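First up is the structure itself, then whatever we jot down about it.
What you see is a predicted model; the values in this text were computed from it and never measured. So you know, we letter chains A, B, ... as the sequences are listed, proteins then strands, and number each from 1.
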Amino acid sequence: MPAIEQLVWGILLLPLISAAGITLFGLRRPRLAGVLSVGAAAGVAVLSLLVFTGTPFGEWWECSAEWLSVGELNVPVALRFDPLSLTMGLIVAWVSFVIHVYSLGYMRGDRGFGRYFAGLSLFLFSMLLIVLAGNLLVLFIGWELVGVSSYLLIGFWYQRPAAADASKKAFLLNRLGDFGFLVGLLLVWSKTGTVDISELECKLALDPGLLGSLATAAGLLIFCGVLGKSAQFPLHVWLPDAMEGPTPVSALIHAATMVAAGVYLLCRVFFLLALPGSAALELIAWVGAFTALLAAVIATQQDDIKRILAYSTLSQLGYMVMAVGASSVSQPPVAAMYHLSTHACFKALLFLGAGSVICAVHHEQNIWRMGALGKKMPVTFVTFLIAALALAGVPPLSGFFSKESILASVLESNVAARHALFAVAVAVAALTGFYMTRLVAVTFFGPERTQIAGQARESGMILTIPLLILAVPSAFAGFWGIDSAYASQFKGAAVEHAGVFGRIAAAFTHSPVATLWGLGAAIVGIVTGLAVYWNAATDRLPEKLGLVAGWARNRFYFDELYAALNEATHEFLSRLADGVDRWVISGIMVRGVHGSIELAGRLLRLTQTGNIQIHAVLLGAGIAILLLIVLRH
Amino acid sequence: MDPLTIIIAAPLAAAGLVAVIPGNYRFLIRVIALLATLLSAAVAIWVFAEFEPGASGLQFETRSVWVKSLGIGYHVGLDGVNVGLVLMGALVAFAAACVSREIAERVKEYYVLLLLMAGGILGAFLSWDMFGFYFFHELALVPTFLMIGIWGRGDDRVYATYQITLYLSFGALLVLVGLIAVYVQCGANTFDMVELHRHVAQTPIPAAAQRWMFPLLMFGFGVLVSLWPFHSWAPTGYAAAPTGVAMLHAGVIKKFGLLGLIRVALPLLPEGAREWIPVMGVLAVGNLLYGGWVAMRQSDLNRLLGYSSVAHMGFAFLGLASLTVLGVTGAVVVMIAHGFLAGLNFALSGYLRRVAGTTQMDRMGGLLDKVPFIGALLVMAMLAGCGVPGFANFVGELLVLFGAWEANKTWVVVAAWAGLVVGAVYTLRAVRTILHGPLRTELATVADPAGAWHRSAYALLVVALLLFGVVPGLLIARIEPDAKAVSGTIATGIEMKAAGEVGSIVRGAVAAAGVGVRQ
């Protein structure tokens, strides 16, 4: 496919050129920066569609360019186009494009307009590198670079200490995960001699015992990278703080794409996680389930509109990770990727809607200072409602189908305690319905709680059109067969070709138990939410729940715990090393040598007075000592 | 004249010229210094481009006999290892001359010494004669002491001068003893390294002699590169040194010790290397982890950079200690990348010191608003320092980690922790304290350097870091064949000598150092 091969490099180069161009020429020219960045995003969107349609269904191909080759380590920039990367790439490209356009309106007039778009272009490049990488080291490079662009964009308003701290925290916690990821890569490379994904898959297919007893370790080390990037417990604390960045950044990086890269990576190396004898998947499932539950509980007691959505993102990511963990060779992680795709659309929509609301109420983010916005901002309200219902899993919106397929895959999984896992999943579904109802009811219905909320007006077209565009997949993506696109990636999965009604029916016939439980949970959540928060002036939940609500409000004190832990371990070691350097090495050793030589010199100087009598005494004493020694022998 | 001699002679001749110009012709002196270093840099770029990767033997070689009876001569040439180092050295020397605008006193003497440093270290990099190798290095080293003493800054200046002088002279002395021992033990009656390599290939130096010679060279060269725990001269010295000197020393001159290990210690003493390499690995990990941890606690930017440079040297030592093609190649890439990075770091901190009046980080804050250009470069330098892809440092560190994995997994895990996590902690803290947050009122008048010309020196170094980070093939194609030769010498040595007797000394030494090494 020569024509397509020419095109695919454009997918990577366009955003890179845009990032470089803006950095060199566009930092003080907002118009140029906007044109370059949005132009690049549009180009990527078109190219990705061309490549997607140009590749026959279910097939895959690769292309590569030489980059780094030393000894036995060969790292070409290999790009892999298979159903997994093509579909994911398509979603990343189009969601990015829509958010780029939205950013033009949202960031208008900001002094750092050029810097913002440079960061966004750099992010798009790195994210596409992750998605298209056919080589784990190239993927790792993209992985690090999305971390950098995320760092730059969270700290976009660096004058604010909270933003500056949040960006640092995000980068460091990601680095913690990347440490494990890199060690995992080293392990895989030393055992198999390759970091190329296709080659690795071949080698492991021929000899599943190649990693030996280290299969579990290798899988879990790579999963460490996912813990950081997808903010899974215990590295989940950075994502809520990352909301200090501009809202479109939260939508693109911290909801739709980058944080989902962890789930994507798990699916990319699924053959490695699912090796016979590896216990990695089971642990992954439980980490995901725990994160999903924890974050959902915290989300019910947050008041900042963006933080509610951030905890919801955490929770949904946990859901996807759990779905990967519940998969097996015979039941590949299609459901996780399906939910990733629909989630990317409706969560991006939720964040953009939140951005629209935040703009309308003059950068107020506390939902208890809003209210009754539904009538004043009809477009924002309707699109937000669609996305919220999709997230809650209400049929026939997209989220219903993907959530149903996760529930079904958990119920049918090989995990030992799959019923417990299923119970957690259902509980999270109920909590999701509850906190989204709370968010919508308090923000868009009820009384106007402040004057600002009363004066709110609908945002301009440049903000509302992206909302309308994203509302389409949020509502209808369940009918498009995204899951069969992913299913063609994996050998074990059944590819279904059904029409629109067939799909709705399939959701119920395929695994009726799972579907009914999921639907029931969503209804329970929504009804409870309405009962508590319809027309509520204040949050009545804390009185009812007491301690638990307080803990949830304070995010279960993880930040405080980690700060203390870090102080007791790493900071302590650093202090110790500094003390040793200051007192032992510089003090006793260097200054000690210097001091003792000087002291010896000063003492010897006492004997060299030039006084003839003292010399005579010393001479006599010397002779006496010599005589004593000679006579002794 | 042949290009390599021009690279060395341009700064040295300029030093001679400046020495006879009256001191009040400041502008002329500066122009001469800039032109001379620019000429070196231009020729270095040209030979780098013309260098044919993988061709056998030295390229652009020139030799002439000086003292025939002792086998001393002038012998310069390029192989894959020093071609990149010379390029880096010449570019950093030019940048150092550019930022020396800040010097106001005794300008003439300053430039004479700076040019001597530049010419000396480039001569050392290019020399294939052990005598010239050592002599040129001393020519570069001695002015360093004078310059810290005369143009240095801060209360610690005198102490720093003493310390760096005594430390480095001691290291150089060990090296001298080691080199003479090599000359005597080889019995080839030559100081020429090419001849020596050829000679030991036929008649190796007796293993018993190698056993005591290698540590002499390892610790001698090691002190010059701030091998842990002989590192404390570096942060103190760099904190006190004037900007140009810190750039040249941390970036360029320091690499001499590593080059010495690659040129002399490893290929000529393979048996000695084999026994002492585990010690070197442990000390390298000490550099990385300990240097990083101490850097986390620094409040002075220059001291932080000093400790971070100590930490980065750990990667180079680790790469050499791995004795694999990957590791040695990575070590050379780290040497070159760190040269650019250290030059950039100290140039930026020198600028901040000039405009903000301090290098105490907690007395700065929110500066990115006022110095977007310098600030952006500092962010890039800090990210490069913690191994972000796109910068040359990442490539070097990655190769070192992959290369050393087979040698010793514990070292690599610790090194990865130090590089990925500890490195990120102190670099991001520096960015957070210096650049982010609200602007401090007393810094309201701070501004970027005006005009493209005054920015070019900084930009040059960043461009080099990015270029070699994005297109690492430029360096690697040149380095790899020679790295293979270096690691190959030792590898064949290892094959020749089966298991037995070797382990005892190593284990003893390691046990003495109190660190366990996994076999």
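- Between atom CD1 of residue A:I597 and atom CG of residue B:L166 there is a gap of 8.0 Å, rounded to the nearest 0.5 Å.
- When the shell of 6.0 Å around CZ of B:F373 is examined, it contains more than 12 heavy atoms from other residues, nucleotides or ligands.
- Looking at B:L435, only its backbone comes within 4.5 Å of chain A, counting heavy atoms on both sides.
- For the atom pair CZ (B:R297) and CD (A:E571), the distance works out to 5.5 Å, reported to the nearest 0.5 Å.
- Identified under the side chain to side chain donor-acceptor pair (under 3.5 Å) test for residues 466-482 of chain B, with sequence neighbours left out: none.
- Between the side chain of A:W67 and the backbone N or O of B:P472, no donor-acceptor pair lies under 3.5 Å.
- Of the atoms belonging to B:I479, not a single heavy atom falls under 4.5 Å from chain A.
- Nearest approach of B:P438 to A:P161, heavy atoms of both residues: CD-CG, 3.9 Å.
- Contacts of residues 424-433 of chain B with chain A at a heavy-atom distance below 4.5 Å involve B:A424, B:V425, B:L428, B:R429, B:V431, B:R432, listed in sequence order.
- Looking at A:D578 and B:Q298, their side chains come closer than 4.5 Å, going by heavy atoms from C-beta outward.
- Contacts of A:S69 with chain B are made by backbone atoms alone, with heavy-atom separations under 4.5 Å and no side-chain atom involved.
- Between B:W417 and A:H570, the ring planes lie perpendicular to each other; the angle is over 60°, past the 30° to 60° tilted range.
- Annotation: maximal heavy-atom pairing with chain A below 4.5 Å, among B:G365, B:G291, B:C386, occurs at B:C386.
- Considering CD1 of B:I476 and CG of A:L73, their distance stands at 9.0 Å, rounded to 0.5 Å.
- For the pair B:V388/A:F171, a side-chain contact is recorded, criterion being any heavy-atom separation below 4.5 Å from C-beta on.
- The side-chain heavy atoms of A:R591 and B:Y159, taken from C-beta on, include a pair separated by under 4.5 Å.
- Per-residue heavy-atom pair counts under 4.5 Å with chain A were compared for B:V470, B:V422, B:L368, B:V413, and the maximum is reached by B:L368.
- Panel note: side chain A:R175, backbone B:L420; a donor-acceptor pair is recorded below 3.5 Å.
- Residue B:F230: no heavy atom, backbone or side chain, is found under 4.5 Å from chain A.
- When heavy atoms are compared at a cutoff of 4.5 Å, A:R111 approaches chain B solely by way of its side chain, counted from C-beta outward.
- Note: A:F140 and B:F394 have parallel aromatic rings, judged against thresholds of 30 and 60 degrees for the angle between ring planes.
- Chain A forms more heavy-atom pairs under 4.5 Å with one residue of B:V379, B:D369, B:L398, B:L401 than with any other, namely B:D369.
- Under the side chain to side chain contact (heavy atoms under 4.5 Å, CB included) rule, B:V395 has a single partner from A:V75, A:V70, A:L68, which is A:L68.
- No more than 12 heavy atoms of other residues, nucleotides or ligands sit less than 6.0 Å from atom CH2 of A:W583.
- Rounding to the nearest 0.5 Å gives a distance of 6.0 Å between CD of A:E72 and CG of B:L326.
- Of residues 14-27 of chain A, not one residue has a non-hydrogen atom less than 4.5 Å from any non-hydrogen atom of chain B.
- When side chains are defined from C-beta on, A:D581 counts as touching B:Y290, because their heavy atoms get closer than 4.5 Å.
- Residue A:E144 comes nearest to B:G387 through the heavy atom pair OE1-O, 4.4 Å, listed as atom of the first residue, atom of the second, then distance.
- Contacts between residues 176-192 of chain A and chain B, counted as heavy-atom pairs separated by less than 4.5 Å, involve A:L176, A:D178, A:F179, A:L182, A:V183, A:L186, A:L187, A:W189, A:S190.
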Requested in this report: Given side-chain contact (heavy atoms from CB on, under 4.5 Å), test B:F402 with A:L137 step by step and report yes or no.
Outcome: CA-CA 11 Å; B:F402 272 81; A:L137 259 178; 3.8 Å; yes
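- When heavy atoms are compared at a cutoff of 4.5 Å, B:P235 does not approach chain A at all.
- No side-chain heavy atom of A:L172 sits under 4.5 Å from any side-chain heavy atom of B:V421.
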